[in-house]
Each structure stands twice: as structure tokens, then as C-alpha cells.
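Letters go in sequence order (proteins before strands), and every chain restarts at 1.
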Amino acid sequence: MSQYSDEDAFEAAAAPSTRAQPSLSQRATAAPHVDYFAGLNPAQRQAVETLDGPVLMLAGAGTGKTKALTCRIAHLMATGRARPDEILAVTFTNKAAREMKNRISGLTQGASEGMRWLGTFHAICVKLLRRHSELVGLKSSFTILDTDDQMRLLKQLLRASDIDEKRWPPRMLAGIIDGWKNKAWTPAQVPVAESSAFDDKGVDLYAAYQQRLKDLNACDFGDLLLHMVTIFQTHADVLATYQRWFKYILVDEYQDTNVAQYLWLRLLAQGHKNICCVGDDDQSIYGWRGAEVGNILRFEKDFPGAHVVRLEQNYRSTGHILGAAAGVIDANKDRLGKTLFTDGEDGEKVRLIGHWDGEEEARWIGEDIESMQRGTRGLDAMPLNSMAILVRASHQMRSFEDRFLTIGLPYRVIGGPRFYERMEIRDAMAYFRLAVSQDDDLAFERIVNTPKRGLGDKAVQTIQMTARSNGVNLIEGARLCVNGGLIKGRGGNALRDLVQGLDRWHGQLHCRSNGATRRELLDDEDSVIDDGPTVEVFDGASNVNHVELAEVILDECGYTAHWKNEKTPEAPGRLENLKELVKALENFDSLQGFLEHISLIMDNAKDEEDDKVTIMTLHGAKGLEFPSVYLPGWEDGLFPSQRSMDESGLKGLEEERRLAYVGITRAEKHCTISFTSSRLVYGQWQSQMPSRFIDELPEENVEVLTPPGLHGGGFGAAGMSAQANPASEGMASTLHEKMAKADVYNSPGWRRLQSRSQQRPMTQPKESRNAVIDLKATSSFTTGERVFHHKFGYGEVMEIEGDKLLIEFDKAGEKKVVAKFIVSADSANDVPF
DNA sequence: CTACACCAGATTTTT
DNA sequence: TCTGGTGTAG
């Protein structure tokens, strides 16, 4: 594709939106200070109005940077500086991109629809790369590998090179290669200093891997950026096109950019230098995956004369919360230094409490959440939606899930495996990929024996050998094997059926497309369609249902049946997911279109409307805010994580500290930090020391709920005092001092705890409080009945106690669970599909 | 080729 | 403790 046609395509694409433009600029001329300026403080306003030249917006937590950013975009459009599609706006997450789009839409009466270049780095790069892929030796129909495929490929390479997989695990190689890609190094560009990586074979393996990807017409996540940077660096004409096209560039979360992203941005901005980067060095928490805080620090060097705007007025948190956060982050060196302030109230102090163990911590938080929800403590009742538990590592979530399940407190876990990363989704997608392109060998490898068809390693190897020696794809190879009698018997029959099925689905798909070639389809999509739900590409023909075809494929290949027959606890959920996948297909007009976008946009945007407590990692919480935030697990080794400190020393510690800062600044009104003295790690009890970050919390902003000497307090403080506390010996002296100084016995918190612990002494069995018998809610289950629980799996009802059921789970053991979380085992299998 | 049993390593964080 | 990978028996 020549540069010329590029421009044509761009002009063509731009045409529709020019129509909308005059009305916008009229509005701007008629009323210079359009409504969206209202409510901006001077700094924000400066950030919005300084349109030309480089701008660095240093925006502290909760200072309204998204507001400034979206207003700036609206302003660009309203003043006619750029059409919506001439603005490049980059975010890190799809969620952020969505939110920005919505907010701009609100400001501009829908003009954001034309913003075709608002998205994540990766999403935008895919779009660009589909256009120019031939410049790096790929067809524009290239597939994007998920980590699973990537790992399988690397394993093959390692096996071929005769490397001990024990000593040199594929994961490690993947990490190294990823790191190089983040630095924008092609195999040839990896510096000599790195040549010892992975037993001296790293670079060679990297080269081999890239070659293999090219053969497969595929690329991984890192390649999306790497390839684009390479293209920009080696094809001045292409770069120039885009430099001209993107009149204004905006970057969110700039502190999280890695070198490749930085180069990409710098190349694009080089011409006009109309680039506005928004970031907060104090919130840089992705150093471990290649983010360079240095990018934000060197901005002014790269773009001399850059306007630097600081947003320091915080609109989110109370004074005490800001004070606590500031105390922690102050311990970091090398900050650009911002001082957040608020006009609001001091509010409630940050609460600090120690517990005996994780179970008690979860119990305490659960009860506190319930009381907040009821509105005790003389405070207004708060919905569960307004509360969040933010943990360092996802395995910490479990104790909360267990506890909340037991007491019937609705919660929602954010994070975990992404939807499209789940096994069943990837399996299904592999079938779809093969229907679209028979050349997708990785997909074939994935599903030859899924569901089980009696085709083991030997059969697969035979197919691979045959394919290779005949220079054909694996499907052809399999066909040859069957016809040539190389694979016989049960497996041979199954393989023949599979190949026939694949042919059939392939044929059905391509006649559905009304004769349109893949090429035409791509061109259409690229120039007209942005992403997601969209216009029909083909007149009339398209809705003859790729959705139906997808269902047919999953049925005919036996995959649906496979999960229906499977009696494991996860099976119903997997069927459910497959149903969701098929439903998601409805939003696209072809399987191709779906596959091209899916790996990038299929995140779990789930039930936000239900009133539930949110449980998520600190990383996942960046950019969010909650009226009430719980920060459990503040113990040295867990938070700050030992691993970060071992691997990255002081830098690692500082990043952990920024994580703590991010955590605290998520809170609007209430923030509760807790730690335990013993914790179960890898099934072993470990005594814990309170996090060093706790010592950095300024005393005046903290209310200590744990009495001195009773580290491991909470409800059972009195009962616990007799027990030896392994951690108290080594507990940081400052913490001791703090606790001694705090007049805890007169604090509202302590009195509250006292009165509550009297109501429910620790000596009682922990379930006592929950054994409230509610006759009205008596469940419809009978003892001995087989039941299913979405987390614990299948089990048998042992006892019924009001709406609580004691269940002996096959896998999870005996648990007491609220009836509403339970379904009968029969109905669990009845998932319609 | 599957099914089961045993052992080792893992537990940050994710586009 | 849990998972995933390898090895062995049927």
C-alpha cells in the first residue's frame, strides 16, 4: 500500500466528520467561554487553553486531570484546531479510553464519535499496523498471540534448541524478550551488554522467535508497538503522513509509558510538537513492566520550552487522608514534588488497626462494612458500591471472599483472569480463528485434541512432520495423514471429522461474506469503522449470522457437549462464559472483525449497577475513587512486597511506596489501614511485621484502633493479649511510640470496639453472630441434597439453619454458606446453550 | 492414549 | 496450599 493511498484513505475517512465541524466552531465563536470552562480552576484552565506546543500536565491524585484532559479535547474541537479524527489521544486501559470518550461526548454533544484515534497504545497500534504490516513482513490479517500461544511457541523453540526447561523456563525467556520489546529493541538492536541473557542464548532465541512469528503471520503484544516504531524509524514517508495527520497528541498516565511508547510518541510529535502529556510521577507503579518514570522527568529536555502545568488542588479526599498520603510519599527521593491541598474538611482520621491473622482481618472489615452500610457510628448509611478493599496481591482476596460469602455480603472482584484469557474462551476463539483462516497453525495445535479426540503427542507430531515436509498448513497436513493412513483408528476418524468440520465452517463463513474478499473487508473496516458495535459493512448480506455459525461450530466440534458432560465445579461457569462470548459476537458484524478487536477490548466490564463491595488490587484501583477504602495487609514482605525489594532494591521499595500512595488517595472520606501479626503463606504460618509504610503515616492524621501491647487487637484484643505474639518483639519502635502516645482508650474507635467486643466476646465460636435464624428466609433446600456453589463447586447439604446452609463441598470441604449463593446441582447443569 | 499420582515451584502487579 | 507438569501404569 503506497503512502498516497494512505492519505486518500485518511481524507475519505475524515469526510463525514467535517460536516459536524462548523456548528462546533460557531458555538465557540459565539460564546468563547463555553459551558465546559465553568468549574475549572486556574491551573486546569491553563492546561485546557494552552493548545499549541508541548504541555506537561503534572496532575496529582484527584486533581481533576481527566476533566482537564477532556475539556482540552473539547476545546480543540470547538475552536476548530482539529477535527475529532485528527486528535490522537492515548490511554493505558480500555476503561480509561471508554470513560474519556463518554465524558468528551457529554461536553461536545456527541462529537467524540468521530474520535477514531482515542484508545490504548495497543489498540491504536493495531489499527496502524494493519495498514502497514507489509513493511515488517506481515500480512494485514496478522493475528495477535495471547500469552498462552506465546508460551507454547517459546517452548517449541526451547525444545528445538535442546535447552533444559527446568533451569531456563520459558516464562523467563518470555519476560526477557518482553523487556527488550518494551525498550524497542529488535533482535539486531539488543546491546552487547545483554548478550549473556538466558544462558547466552537469549538474543538468538529472540531472533528465532521473531522469525517464527513472521512465519505464522502473527505478532505478540510487544510487537504492536515495536513494529510501529520500526516502521516510523525506517519509513520517513509513512511517519510524515501521520505527523501531519495527528495535529494534536494527548497522552494520559504518561508516567507509565515505556521506552517503546515514548519513542512512538516522540516520533509522532516531532513535527508540530503539539503534545500534551498528563501524568503523576508519584503514581508510577508499572516500572516492573518497563515503564520509565524517567520519561516524565525528561519531558522538558525533549521538548524545550514546554509549558508545565501543575494541578495540585485535590477535589477527592479529606485533609486527613491527603495528609496521610503525603506523609508516605514524602519518604521517596527524586520526586518532581507536588503538594496537594484541599479546600475541603479535614474529615475523619485514617484508621489503623492490627489483627491477629488474616481471617480476623477479613472478619473485622466485613463487620465494619456492614456497620457502615447500616450507617452506625453516627454516620450516614453508605451503599456497598461506595466501598472498596484494595490489596497488594490477588491471593489476598481469598480470605475476604471466603468471609463475605459466609456472611452473605455481596462483593465483586475486579481483576483476576481477563475474560478472553480463560481457557474455554481461548479454545472457542481458536475454532473461530481456524474458520476464518485455515493457516492458523497455532489455533489448530490448540484444538486438535480439545475436546479429547484420542489425538496425543504422537499424532500431533505426525501431523506436524507431514505438514512440514509438504510445505502446507497443519489442516492440510492432517488431511494428508488421514488419507495416507498415517493416523488410523479412533483418532484417525476423529481427525477426519475435525478436518471436514473445519472445511465446512470455513466454507460457510466465506460464503456468508457475500463473496467479499478478506482484503476488501479490511479496507472497509480500517477506513470507516472504528471499533466495537458499528455500521454494517455489507449491504444486506451480513446479518446472515456469524453468531449462528459460531454456535454451530462450538456444537459440532463437540466443545459445548464436552463442558456439559464435565462434572467439575467450573463447568457450568465455563458454559456461561461461552454463552457470553457468543453474545459478544452480536456486537460485531463478522467473525473477522470480532477476532481483530477482541484481544484488545474484551475486558470484564461487568455489573457496575449492583450494590456490592469492590475487591481489587492496588494496581487495578489506579484512576478510581471510593468514599470508603480498606487497605489490608500492610505488613513488611507483603506490602512492601519482598520480591520487589529483592529484585529492584530501593527503586522497588519506592515503587511500592507509590503504590501505598495510590491506595490511600483512592479514598474520599474514609480510609482504613490494617495489618496482621501472623499470616498463612504457602500454607505455612508466618509471623508478620507491620509495614514500614505505617511508620511513615503522620501521627496527626491517624487514629490508632489497636491498643498498645495488644498488637493483634480487634475484637479479640483482650483475649489475645495472653498469647505470645511473635511479631511484637521486632515491631518497629516508632509504631510502639505512636500507639503508646495515641490516647486509644479514649478514642471513639476504641470505645466503639470495646462496646462491640462486649456484645460478642471472642470466646464464642466465630459463627455465632451469623447464626441468626431467620425463619422467613428458610431455604428451599433439603439435607442431603446435591448443590452447586459458584466458588466452592459441588457439595452436599449437611445442615440447614435458617438461610444458612452447612455444606460439605467435594473440593472445598465443609462451609457454612448463605442459601442465596447456592443452586441445586441439577439446575447447575441446565445452562442452556 | 488416558488416568492417576507424585513432585516442584509459586504467589506481585497487566496492555 | 494449590497448580501444573512429568512420569508411570493400565
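- Residue contacts shown for E647(A) include a base, since a base heavy atom lies under 4.0 Å away.
- Checking side-chain atoms of N258(A) against main-chain N and O of Q261(A) turns up a donor-acceptor pair under 3.5 Å.
- With rounding to whole Å, Y286(A) atom OH is found 9 Å from dT15(B) atom C1'.
- You'll find that the side chain of F221(A) is closest to dT15(B), out of dT15(B), dT14(B), dT11(B).
- Using a 4.0 Å heavy-atom distance criterion, R453(A) is classed as making no nucleic acid contact.
- A residue-by-residue look at K458(A) and G683(A) shows that K458(A) has its nearest nucleotide of DNA chain B further toward the 5' end.
- Between the CE atom of M151(A) and the P atom of dT14(B) there is a distance of 16 Å, rounded to whole Å.
- Using a 3.5 Å distance cut-off with no hydrogens or angles, the side chains of Y254(A) and N295(A) do not pair a donor with an acceptor.
- Comparing atom distances between the A393(A) side chain and each of dT13(B), dT6(C), dT14(B) picks out dT13(B) as nearest.
- Atom pair D178(A):CG and dT13(B):P shows a separation of 16 Å (rounding to whole Å applied).
- Comparing dT15(B), dT14(B), dT2(B) by their closest approach to the side chain of N449(A) singles out dT2(B).
- S644(A) comes within contact range of at least one nucleobase, with a heavy-atom separation under 4.0 Å.
- When each of G456(A) and Y682(A) is assigned the nucleotide of DNA chain B bearing its nearest heavy atom, the one mapping closer to the 5' terminus is G456(A).
- Within 4.0 Å of F121(A), counting heavy atoms only, lies no atom of the nucleic acid at all.
- Judged by the 6.0 Å distance and 45° axis criteria, R289(A) is positioned over the aromatic ring of Y286(A).
- S691(A) and E635(A) share no donor-acceptor pair across their side chains, judged by distance under 3.5 Å alone.
- The residue L455(A) sits close only to the backbone: its heavy atoms come under 4.0 Å of sugar-phosphate atoms, none of a base.
- Closest contact between the side chain of W288(A) and the listed nucleotides dT13(B), dT11(B), dT15(B) involves dT13(B).
- Here H355(A) and F675(A) keep their ring centres 6.0 angstrom or further from each other.
- In this structure, F92(A) reaches the sugar-phosphate backbone alone: every heavy-atom distance under 4.0 Å involves primed, P, OP1 or OP2 atoms, never a base.
- If you take CE of M423(A) and P of dT3(C), they are 11 Å apart, rounded to a whole angstrom.
- Distance from the side chain of K155(A) is smallest for dG5(C) among the nucleotides dG5(C), dC2(C), dT13(B).
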